[in-house]
Amino acid sequence: MKTIIAEKPIVAREIAGLVGASNKKDGYLTGNGYFVTWAFGHLIGLGMPKDYGISGFDKTALPILPNPFLLTVRKVKKDKGYTADTGALKQLKVIEQLFKQSDSIIVATDAGREGELIFRYIYEYLKCNKPFERLWISSLTEKAIKQGFDNLKDGAAFDGLYQAAQGRSRADWLVGINATQALSIAAGNGIYSLGRVQTPTLALICKRYLENKNFSVKKYWQIQLLHNKELIDFKSLSKTKWEDQKLADDTLKAIQRSETATVTSVETKSVTEQPPLLFDLTGLQKEANKKLNLSAEETLNIAQSLYEKKFITYPRTGSKYIPEDMWAEIPNLVRALQDRETCKQAVTKMKWGRFNKRIVNDLRVTDHHGLLITDKIPSALNAKENAVYDMIAFRLLEALSHACIKEITDIALQVLHYDFTAKGCKVKEAGWRSIKGSFSDDDTEPVQDLPELKKGDELKIKEASVLEKKTKPPVLYTEAGLLSAMESAGKEIENEDERKALQNIGIGTPATRAAIIETLFARNYIQREKKSLIPTEKGLQVYELVKERKIADVAMTAEWELALQKIENNEADAGAFQKEMENYASSITNELLQTSIAQNNLPKLVCPKCKIQQLIIRDKIVKCPDEVCNWVQFRNVCGVQIGIADIESLVGKGKTSLIKGMKSKAGKKFNAYIVLKEDCTTSFEFDKNKSYKK
């Protein structure tokens, strides 16, 4: 007998159907010489300090450097502690029995770093020594699975992948556990969670937020002219930017008296815009955030669902290319899209027999090729799934189309002795831009049509006006912007040699970036303000504490990603990497334990109920330490974090300022004051003095 182990039940069922294991049992399927079973994601993980006999946050126990690392069954939170997940225990027993009854194992967990880790940790935990082979596939279509079974690979071929996954897992443990405990002990005021990738990501958000907030906006004025020639209206703009409005107004009057502008030069150049490559996961997440306002995690979940329904290939890819041997399948995918209503029109624009091969590059394909649709065309998807699917389908059609060729014209004009410029654009060959029919990117202004102009032409000024403009601060990160910054973190490095070495390395991997961003939300370090990501009071506090420390260093985190890639490719030693991480964890622990956190930035407030005790202020609650009194106020009220100033106001004056943007249970937004009643409970007071019990 052989056991096939998949990552999820849905995948196991697909495989079982193909290998003829149709007999359903509790936790597995069997038949035709196979057991087919599954994990539920990570059943086994690294043990917590408690598993090493270290309870609570103990300064003397730091740094904690496990040797060896212990593996434990996944835990869930119960009451005040954690206990083994009963579902995980039950499934693990099934897997153990099947492994014992089998001669060999076929690993069918997702074909990537985390999928490898899920299986290997189970294999190691169960002390199994049965031989295993690896099913390595990029889509769940019947054809792909059959091809995968015809080409099973020896499990040992993926040892590098496992060591990189294990290295990542241990590094996150060493840095996360030690840094979190060290800073929390130093603070003595709640838990400050830090992490190997989470903290540099928080640093990116905070740094950008502070640059934006501290930017001093300056006004300036430019003059805009309106011309007309050959029935075409077009505009030109002054090169001069006046800092004094009166000077701009005076110049305008002089220009209005002049009435004509002279063309001093005409420069035309041809610009070739290559089609975009296929999406990798980060590219899809950025596009879906810009166009559909989906979070990175939502996009990943939708893509995973489309993959499991066999409509797209494996989504957690870091590549935008396909290998040469896949090129022959591409026309079938395009043909299949003729049957999809939303894509029909675009498919008619494709030049059959002349597809662009720019996406073919064997050397640039990592574990998986770029995101593709399969030849199974979806029906009955929800609106978001349809939108993400179409994004992937249209990107394929664009990638196979030819370059867009534009003619860009720069005109220089003179009025009196003032210089003006006008820019024009003509599309000569639409190429890939005809697929969606959009000829300029969303973030650039559409360029105007210009008439035929030559040097020396005199143009009438139809209108002239002064435009008031402002210098723009660095934009706050949206999720798309943050994903770009994480992806190209290497570009931000100041040291030139380091920057060159890390130019294509980001922080986190395409598969983990969404989870890192979600962790920052869960920790109450960041929040959404419309589409922007901004730090909370707590997020800024953590940033202020660690911004000069190694743990917030984006370059160092990018270097580790590079080291993990080398381990995966068997070009570096996993043991040496772990030693380096242990040394790093030790040094940041010592660094953070010496951090002096100014406690005086928290006000000293007396409990409004017992009027004796000083209140304990945490990021989630404010409470009286006296168990008999037990007065408490939660800091998150109807989805809004209540700031320290409002807590002070509530306790001292009995009322906060107007809290805006709270959400009722029905999901409706409202604004209200929080007021302290005579019995020291709180309620809402609305502008119209309506109130109801909170």
Side-chain angles (χ1 to χ4, degrees), residues 4-8 11 38-39 41-46 69 71 104-126 128-140 144-145 147-149 151-173 196-197 280-282 300 304 307 313-319 321 323 362-370 504-513 515 558-578 580-581:
I4 300 170
I5 179 166
E7 193 162 317
K8 289 181 180 170
V11 180
W38 53 83
H42 286 277
L43 289 181
I44 301 293
L46 296 177
F69 273 91
L71 293 176
S104 67
I105 300 162
I106 295 172
V107 184
T109 48
D110 281 358
R113 214 185 259 179
E114 290 312 294
E116 192 66 24
L117 192 66
I118 284 169
F119 165 70
R120 297 283 192 125
Y121 272 179
I122 292 170
Y123 186 81
E124 199 178 307
Y125 181 79
L126 295 176
C128 182
N129 54 13
K130 298 281 168 81
F132 61 91
E133 293 174 291
R134 189 69 161 96
L135 175 74
W136 194 264
I137 52 175
S138 281
S139 96
L140 289 176
I145 295 171
Q147 279 179 344
F149 271 101
N151 294 296
L152 289 173
K153 297 183 165 81
D154 179 31
F158 297 91
D159 285 352
L161 183 68
Y162 166 51
Q163 284 169 355
Q166 185 188 50
R168 194 274 314 145
S169 163
R170 290 177 173 183
D172 286 349
W173 194 103
R196 185 181 67 89
V197 186
D280 61 1
L281 175 60
T282 304
L300 175 56
Q304 184 69 23
Y307 167 66
T313 58
Y314 186 64
R316 289 175 163 84
T317 175
S319 175
Y321 296 88
D362 285 334
L363 298 174
R364 301 292 293 275
V365 176
T366 49
D367 292 345
H368 294 278
H369 53 69
N504 295 318
I505 299 293
I507 58 175
T509 62
T512 59
R513 286 179 191 133
E559 275 172 36
W560 293 333
E561 299 297 349
L562 186 62
L564 290 168
Q565 275 183 21
K566 285 183 173 169
I567 291 167
E568 191 169 312
N569 300 330
N570 299 308
E571 294 165 6
D573 176 48
F577 175 73
Q578 187 177 319
E580 194 184 321
M581 293 311 303

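Nothing fancy with the numbering, it's 1 onward along the sequence.
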- Message: Between Leu152 and Leu135, is there a side-chain heavy-atom distance shorter than 4.5 Å?
- Response: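 Yes. Closest side-chain heavy atoms under 4.5 Å.
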
Closest approach of [X] and [Y], non-hydrogen atoms and distance?
X: Ala574; Y: Gln163; value: CB-CB, 4.0 Å
X: His368; Y: Ile137; value: CE1-O, 3.4 Å
X: Thr317; Y: Asp280; value: O-CB, 3.5 Å
X: Leu281; Y: Arg316; value: CD2-CA, 4.1 Å
X: Pro510; Y: Gly318; value: CG-CA, 3.8 Å
X: Ala39; Y: Ile118; value: CB-CG2, 4.0 Å

- Item | Distance (rounded to the nearest 0.5 Å) between Leu43 CG and Leu126 CG |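 Between atom CG of Leu43 and atom CG of Leu126 there are 9.5 Å.
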
- Item | Phe119 and Tyr123 aromatic centres sub-6.0 Å |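 So the answer is yes for these two rings.
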
- Message: Salt bridge or not between Arg120 and Glu116? Use side-chain N to carboxylate O under 4.0 Å.
- Response: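 The answer is yes: the pair qualifies as a salt bridge.
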
- Item | Chi angles and distances behind the side chain to side chain donor-acceptor pair (under 3.5 Å) call for Arg113, Thr509 | CA-CA 10 Å; Arg113 214 185 259 179; Thr509 62; 5.5 Å; no

- Flag yes if more than 12 heavy atoms outside Arg170 fall under 6.0 Å of its CZ atom; otherwise flag no.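 Correct, the count exceeds 12.
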
- So Tyr314 and Tyr307, would you call those rings parallel, tilted or perpendicular, with 30° and 60° as cut-offs?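 If you compare the ring of Tyr314 with that of Tyr307, the planes turn out perpendicular.
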
- Hey, can you tell me if Tyr121 and Tyr162 have their rings parallel, tilted or perpendicular (30° and 60° cut-offs)?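 Taking Tyr162 first and then Tyr121, their aromatic rings stand perpendicular (interplane angle over 60°).
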
